[in-house]
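Only one structure is covered here, and it is reproduced in the block below.
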Amino acid sequence: MFVNRHTAICRECWYYLFILSFIVGGAILRDINLLIAVSAMMIGPLLFSWRFVIVSLRRLDVRRRLPDGICAGDLLVVDVTAVNGRRRLGSWSVVVEDQIHRDDTAKANDRKTAKVMFPYVAAGDDQTSAYHGRLTRRGRYRFGPLKVSTRFPLGLIRRTVVVDQIDDLVVCPRLGRLAPGWSQMLHTDRLSSHRSQRRRGSLEADFYGLRNWRTGDSRRWIHWRTSAKRGELFVRQFEQQRNQDLALFLDLWQPANPSQEQLEHVELVVSFAATVVADVCRRGASQLYVGAAGRTVSSVGGAASMVLLQEVMAQLAVTEAGDEDRLPGLLDRSLNEVRPGTKMMVIGTRPTTMSDTDRFAAVWDDPQKRNAIRQIVCVDVAGDELAQYFQVEPSRQDQSP
Amino acid sequence: MKVQRLLQINMAALVALGTLLLGMGQRSGWLATIVIVAAATSVYFTDILEQFQLSRRAANILAVVAVAMFLHDFLPADRPGYLPAIANLLIYLQIIHLYRKKTIRIYWQLAMLSLLQVVVAAVVSAGFEFGPLLVIYMFVALSALCLFFLYRETVRYAPRDLAETDGHWQRPLTAPLAPPPGRMTDHPSDRALGWAMIWQIVKMGLASIAFTLAVFFAVPRVGSMLYRDTVSDQQAVVGFSTEISLDQIGDIIRSDQSVMRVHFVDHEKGTTYELRQEPYFRGATLTEYSPKGRSADWKMAHRDRRRRLQPGHSIEDLIRVEIVLEPDRKRALFGMLPIYQIDESTNPIRVERRTGHLFFSDRSRPKSSEPFRYVFGTTGFGKGFRGGYDRLITPLAKGQQPRSLEALTAWDEDKLPLLKELADDIIAQDKLSNEFVRGVEPRFYRVQALERHFRYNSPYTYSLQRPPKQNRPPGNPIDPTEDFIANHRTGHCEFFASALTLMLRSQGIPARIVVGYKGGEFNSVGEYYQVKRLDAHAWVEAYLEPKQVPASMLREDEPRDVGAWVRLDPTPGTDRSDADQARGGVIGRLIELFEYGQVLWTDYVLELNWDRQKKAIYDPIYAELSLLVRDLLSWEVWSHLPIGIARTLGIDVYGRATGRWFSWRAGLTAMSVCLVLVGVFRLVRSPIGRLIVWIASRRPAAKSRRSLRIEFYRRLETVLARHGMKRAATQTQREFALEAAGQLTESPSCRHAASMPRRVVEAFYRVRFGGHALDKHEAEAVEHALTSLEEALSADAQNAAGNGG
């Protein structure tokens, strides 16, 4: 961790010096001793102030603690702790400035500053304060460096210590709410996709109760503690779940100079996908595959779990739209990886027709993929059909404390 | 909010103190009183209760009125009147601001106006009390500025409304980032208040005072005093006049403004000479009486030639008189008869021999803003059995006889019949006054009889009040002196002196009025007489022919063939012996201390100049330093120091007295000295260590950058050492990293961080030995490795603690 220190004269100090120069000038020109005394009485506190701000930040350690992960629009609370390692002198009015900027943007105005003030940190003590706000856009954010400064006691001299403490935070896409139409869409096709409905082992299912042992029950299901208490054998009961495997293909296309509406469509696609992924991973017991065709093509898949959720969210957080049509390439690459019977859906920023043999020539030319592409459901977020499956959550800032 | 309330009170106190300082400088109390009342009421009604607050419009209107009042005072004023007008404007504006709702801007303006007040006060003030009050003002100002800063910071970092964000997808990067209200108290700045902060303010104040003293006395005064005359015009003028007017006097206000400081020194012994009687300091002699109906004037006679003082080195019983005259526009010198020159180096003065008036020489005339020092010798005091008494009779030297006695006996019997009538009666009733010796009238006893009439045996009373109005018609007024002796018989010293002088003249005795100062307060601390304006006095001198001078009143070495002046003081109740007795005890001592403080304040603060600095500061310091350096470089001093100390303690170092080789006392002393040296070393070691660190921190930037670069390796060692992994002296950094990795692998929670030490050490090798600077990505990688390692070790420590519990 690198540290940079500097001392600066504040604007108030320039005014102070301006007045002081007049008094000193008057004292010299008129040779009035009392004015010399008044001048010295003004210079004394200034020098003391200069020394005090320097000493105030010595051995003052400042740390930041970020949350593990948040979604765009969620309340972000960052704890900042100041530890005064000195034995005698406290620190007053310490201001900690934290720089926040998105990793993928070079815009200067996208760099934001959060400030926290510690009114007093006693010698040998530590104080924790926090700043909060909302990061309204998904992506990877970089926090730091921390600027620690104080102007106490008079606000004339500022001492700043820059602590190069850098932390990253991935802000996941904003989550919405899945509409009833989404569930209906999944179950509509269930009868036609028996093969994808896998019966999971009992140990992978959810435990919901105990019952008496019956012939044919596995010994592994016996709950030995209850059996010992009751004097007869009891076995655990499990809820068997059958979930639909799912493959999502995101068509993140936008023109080279997108309009505000087109930009919002991209965010809708990502948010819709993130909401679906969160729902599927929370339910578990299925396979999930997510591919994104934007500026680059990326994909990730596996058993639905919290680990996969984090992985997909991290990917969705940094996914960017592009002006090239990469969806055919994504499908061509992914359809081999998707298990048969998996529900497939293309969520895009524009209308997509899978029967377009020119656009998806590579897929239609492959006999194995040709069957699969016919089963793909397409959702255009720009159209009205999105409302059947997904609703954007109202802004959460109104719900925050 | 506690900070705001304290700030309001503090700012009001600051304003009141600033105005008080200004009021002291202007000697005007009413405006200061108004501001103090305004400060108190504004805190209660405007700030606390918020019942009365001037709106912006009302404040602006009042400000315009204040400016109009300022212009009314300022435009017709001469230069000395400018500053009071400006001072009053500052006060008006402050009163307006006190009753406004306090915002940061208003606080700034109040502080600024208060500072300007102090600046103006510093220009016009001369009183000793300004110093202590200025120190108090400084502490209050520091406190107010600290609180003001805290208040500004509180306002600046107050939690903001979070409902500012929009509801669109493509929104700004962040919504407002602010401290959450729920995590902090309502007014977090209140936490900053407490004894610790008070102590810091006190420390700042004390340090500032020390700095001020050092700067004030160390900065050489090389100014040319270009504008001092205009400044000194602000100061009150000492009330000495070379004329007496008996009609203009109303109620007289006694002023305690200092006029001069007088040391009496025995010229032979060099010791202070304290008088047992109040001294008379002659300023001017008035001989011409001009009645003008109901008024009358006494004026000086024509000027005579001014001469050098006669040398007086050979005269016995000479008293050296050192006088420091305060700045004054109408400068006059004061002395006593007879007068001799004894010090060539001091400011030369001239004397008008026949009248005894003292004058500046052409070379010595000072500016009216500077105090003036002069020295002369006199034999005007009796010694021996009369030791320390101011003599009544002063024999004349040659050339001092009055040129013409006509002017001293000028008398208009037609206009002043009552005076002669009264004088005749008094003399007729006095036996001694009528006993002629060898045909010579006993003039000495006659003048004393007339003096006694006023001073002791009459219904006359001393008063500074205006005399009652005459009942006479305007066309037939009575002379004010006759009115005094015949009717009201009440007046101040000028009436008594005038009456006695005219009565003496009515008897054919030459007489004149002398104006000057009488007495003064003897300050036993500084051993000087402090003469103030209230000591101004008028008395009478009557001339005696040589035959009329009583021989017993003359010293043996004084001539008998010359005339003499007899001093007569007809004013009753002006002896200060009673007042001196009342001033005894603690209060009297305190008053003396205060007066001595005023003297020091004047000498070493207000009038500190290059000469005084050199004499009181530079020269002693230079002498002490020279002595110290000489002693430090002297082997002889060092070699004799231990033995000298031992002898001082009564230790026989060589055992010459006892013949023993060991001395308990010497042993204990040596042990004590060793302990003291150890203590001193321990005390000094810390500052020395800090000094070394400070010097190291001032090394070239390249070195410090390098040390910064390898800071991350130190951090690695610190982190590992915290968990029991320390590098042996024989290990290289890489060997240490490998060993640490082995230890980390043994713990399941640290296994994933096993490679981190190696990564950090590789980076360290590149920097330390390869001269390679880490780029941004490498630095981040190192930081990441260290953070991961810290987290893994912390988790491991928590697991270990949990298992242990």
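Naming: A, B, ... by sequence-line order, numbering from 1 per chain.
Nearest approach of B/Ala122 to A/Ile32, heavy atoms of both residues: O-CG2, 3.9 Å. What you find for A/Ile36 and B/Arg221 is that their closest heavy atoms are CD1-NE, 3.5 Å. Of all heavy-atom pairs spanning B/Phe149 and A/Ser93, the tightest one is CE2-OG, 3.5 Å. What you find for B/Ser208 and A/Gly44 is that their closest heavy atoms are OG-C, 3.6 Å. Minimum interatomic distance between B/Gln200 and A/Leu89 (heavy atoms only, all atoms of both residues): NE2-CD1, 3.2 Å.
Between chain B and the residues A/Ile43, A/Leu46, A/Val78, the most heavy-atom pairs under 4.5 angstrom are made by A/Ile43. Note: A/Val95 leads A/Val38, A/Val95, A/Val171, A/Ile166 in heavy-atom pairs under 4.5 Å with chain B. With chain A as the partner, the residue from B/Leu134, B/Val215, B/Leu142, B/Val782 showing the most heavy-atom pairs under 4.5 Å is B/Leu134.
For B/Ala207, the part lying under 4.5 angstrom from a heavy atom of chain A is the side chain only. With a 4.5 angstrom heavy-atom cutoff, A/Glu261 does not touch chain B via any of its atoms. Residue contact with chain A, scored on non-hydrogen atoms closer than 4.5 Å, involves the backbone and the side chain of B/Met204 alike. Using a 4.5 Å cut-off between heavy atoms, A/Leu47 contacts chain B through its side chain alone, with no backbone atom that close. With a 4.5 angstrom heavy-atom cutoff, A/Ile19 touches chain B only via side-chain atoms. The contact between A/Ile23 and chain B is made entirely by side chain atoms (from C-beta outward), counting heavy-atom distances below 4.5 Å. With a 4.5 angstrom heavy-atom cutoff, B/Trp108 touches chain A only via side-chain atoms. When heavy atoms are compared at a cutoff of 4.5 Å, B/Leu115 approaches chain A solely by way of its side chain, counted from C-beta outward. For A/Tyr15, no part lies near chain B; criterion is any non-hydrogen pair under 4.5 Å. Of the two parts of A/Val80, neither the backbone nor the side chain holds a non-hydrogen atom closer than 4.5 Å to a non-hydrogen atom of chain B. Neither the backbone nor the side chain of A/Arg88 comes within contact range of chain B; no heavy atoms are under 4.5 Å apart. Heavy atoms closer than 4.5 Å to chain B are found in both the backbone and the side chain of A/Arg151.
Annotation: side chain of B/Tyr137 is not in contact with side chain of A/Met41 (no heavy-atom distance under 4.5 Å). Using a 4.5 Å heavy-atom threshold, the side chains of A/Pro119 and B/Leu150 count as separate. Side-chain atoms of B/Glu783 and A/Asp164, non-hydrogen and from C-beta on, never get closer than 4.5 Å to each other. Within the 4.5 Å cutoff, the side chain of B/Val123 has no heavy atoms near those of the A/Leu34 side chain. Contact check for A/Tyr120 versus B/Met197: no side-chain heavy atoms found under the 4.5 Å cut-off.
Counting heavy-atom neighbours within 6.0 Å of B/Tyr604 OH, excluding the residue itself, gives a total of 12 or less. Counting heavy atoms of neighbouring residues, nucleotides and ligands inside a 6.0 Å radius, atom CH2 of A/Trp50 does not exceed 12 of them.
Taking CD of B/Glu153 as the reference point, atom OG1 of A/Thr150 lies at 7.5 Å (rounded to 0.5 Å). With values rounded to the nearest 0.5 angstrom, B/Thr787 atom OG1 is found 7.0 Å from A/Asp167 atom CG. How far NZ of A/Lys115 is from CZ of B/Arg156: 5.5 Å, rounded to the nearest 0.5 Å.
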